[in-house]
Amino acid sequence: MIRQGYRVPEAGISCLSRRAVAVVLPLNFVVMQYFKLIGYALLAALYFTSCDGISDDDEVDENGLIPDVRQFVSDAVIDGLKELGHPIYGGVHPPDITGTFDMAPRFITGSNLPGDTVPMGTEAVPITAIFADTTENLNIDFSYHLPGGQVIPASYSVIVGSDCKFTVFSVFDLYSNSGYLNSDLMVTSGCLTEEGIEDAVVSYVLLDDPNQRYNGERLPGQGRIITEGDGLAERQ
């Protein structure tokens, strides 16, 4: 489910199905005019059939994040992630992380939750992370599996990065047992290698609490950071 108010960019539509170019050339012209018009036609075709994907010229902020991330990740959330020590690898050329990765063992290594009593170094629940279908707009499908087999799909995910390093921002709209809706953000960062994801870290922070489930005691950007114990989330 994608939260109301979020703009999800178009994805999966080919360029040719969105645009068509018809160039009509006059019949009576001299040779020089012919080649000139052909040149203009080729330039027009290249321009009008180009895709709307992310490019180096697109606006990114000081963290290398594109507008599709910043439309739901506020400054407060970015500040919270930095407070936790979570690395943010920005950029518009992330690696292709399509695949399945085992994240275990994992340990809680940081928290900015008020009054958090969980000891640092506590082992976290292992997960299997699945990434698929990155679009030209850097949307990506993401879900994770728990040990009991339960599958938790993200409502919406965006990937940024460059070279081997990447960061995925994944929104999870969750209902409590009392029926209250709140949105959590799972942020995954690391460096893709042939063996898996090196230096994999995952942070779980509050994104939004419209129904005041936490009565203001937990704010956007507050949560925990979890680090891969052996330094590698192995690829299956």
Side-chain angles (χ1 to χ4, degrees), residues 54 60-66 68-70 72-73 75-113 116 118-134 138-147 152-154 156-172 184-207 221-236:
I54 305 298
V60 296
D61 67 7
E62 64 274 14
N63 297 299
L65 302 181
I66 60 177
D68 287 343
V69 173
R70 294 313 307 268
F72 63 89
V73 177
D75 289 340
V77 172
I78 294 296
D79 290 343
L81 290 168
K82 290 180 177 179
E83 182 183 355
L84 286 169
H86 190 113
I88 297 175
Y89 301 124
V92 297
H93 298 291
D96 181 2
I97 62 171
T98 300
T100 301
F101 304 88
D102 291 324
M103 294 187 171
R106 308 190 306 154
F107 300 94
I108 299 172
T109 54
S111 172
N112 58 6
L113 291 172
D116 194 355
V118 175
M120 295 301 99
T122 298
E123 186 169 358
V125 175
I127 64 171
T128 299
I130 302 175
F131 300 96
D133 299 330
T134 303
L138 301 185
N139 299 152
I140 186 171
D141 289 342
F142 172 65
S143 63
Y144 64 89
H145 293 203
L146 296 173
I152 312 294
Y156 180 48
S157 292
V158 180
I159 183 172
V160 293
S162 62
D163 297 325
C164 76
K165 295 182 178 180
F166 69 90
T167 297
V168 177
F169 296 85
S170 302
V171 179
F172 292 85
D184 290 334
L185 183 68
M186 178 177 174
V187 185
T188 307
S189 294
C191 177
L192 184 70
T193 68
E194 291 184 1
E195 293 76 24
I197 302 173
E198 287 187 353
D199 302 323
V201 293
V202 176
S203 287
Y204 301 89
V205 299
L206 180 66
L207 184 63
Q222 292 182 336
R224 297 189 182 115
I225 184 170
I226 297 175
T227 302
E228 191 71 19
D230 56 7
L232 178 69
E234 295 183 358
R235 184 190 293 271
Q236 285 190 3

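How far OG1 of Thr188 is from NE2 of His86: 7.0 Å, rounded to the nearest 0.5 Å. Taken to the nearest 0.5 Å, the CD1 atom of Ile88 stands 4.0 Å off from the CD1 atom of Ile78. We find the CG-CZ distance between Leu113 and Arg224 to be 5.5 Å, quoted to the nearest 0.5 Å. With rounding to the nearest 0.5 Å, the separation of OG1 in Thr193 from CD in Glu198 is 4.5 Å. Tyr204 OH to Ile225 CD1: the interatomic distance, rounded to the nearest 0.5 Å, is 11.5 Å. Rounded to the nearest 0.5 angstrom, Ser143 OG and Ile130 CD1 are separated by 4.5 Å.
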### Message
Working note: Leu146 + Ile127, criterion side chain to side chain contact (heavy atoms under 4.5 Å, CB included); need CA distance, chi angles, decisive distance, verdict.
### Response
CA-CA 5 Å; Leu146 296 173; Ile127 64 171; 4.0 Å; yes
### Query
Would Asp199 and Cys191 count as a side chain to side chain contact (heavy atoms under 4.5 Å, CB included) if you check the C-alpha gap in whole Å, the side-chain angles of each, and the deciding distance to 0.1 Å?
CA-CA 7 Å; Asp199 302 323; Cys191 177; 5.5 Å; no
### Candidate pair Met103 and Tyr144, rule side chain to side chain contact (heavy atoms under 4.5 Å, CB included), full reasoning
CA-CA 10 Å; Met103 294 187 171; Tyr144 64 89; over 6 Å; no
### Message
Checking Thr109 against Met120 for the side chain to side chain contact (heavy atoms under 4.5 Å, CB included) test, could you report, in this order, the C-alpha distance in whole Å, the side-chain angles of both residues, the deciding distance, and whether it holds?
### Response
CA-CA 5 Å; Thr109 54; Met120 295 301 99; 5.7 Å; no
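Nearest heavy atom pair, residue Ala233 against residue Ala200, reads CB-CB, 4.1 Å. Taking all atoms of both residues into account, the shortest heavy-atom contact from Pro87 to Thr167 is O-OG1, 3.8 Å. Ile97 and Phe101 get closest at one heavy-atom pair: O-CE1, 3.3 Å. Summarising the geometry of Arg235 relative to Glu194, their closest heavy-atom pair is NE-O, 3.9 Å, with the distance given to 0.1 Å. In plain terms, the two heavy atoms of Gly121 and Phe107 that are nearest each other are O-CD2, 3.3 Å. Among all heavy-atom pairs drawn from Gly223 and Asn112, the shortest one is N-OD1, 2.6 Å.
With a 4.5 Å cut-off on side-chain heavy atoms, Asn63 and Lys82 count as touching. For the pair Val158/Val73, no side-chain contact is recorded, criterion being any heavy-atom separation below 4.5 Å from C-beta on. Two residues are said to be in side-chain contact when any heavy atoms from C-beta on lie closer than 4.5 Å; Asp184 and Leu207 fail this criterion. Using a 4.5 Å heavy-atom cutoff, the side chains of Asp133 and Ile140 are not in contact. The shortest side-chain heavy-atom distance between Leu81 and Val187 falls under the 4.5 Å cut-off.
Between Phe142 and Phe131, the two ring planes are parallel [angle under 30°; tilted spans 30° to 60°].
Looking only at distances, no side-chain donor or acceptor of Glu123 sits under 3.5 Å from a matching main-chain atom of Arg106.
With sequence neighbours excluded, no residue satisfies side-chain hydrogen bond (donor to acceptor under 3.5 Å, both in side chains) with Thr122.
Atom CG of Asp163 has 12 or fewer heavy atoms from other residues, nucleotides or ligands within 6.0 Å.
Ring-centre distance between Phe72 and Phe169: not below the 6.0 Å cut-off.
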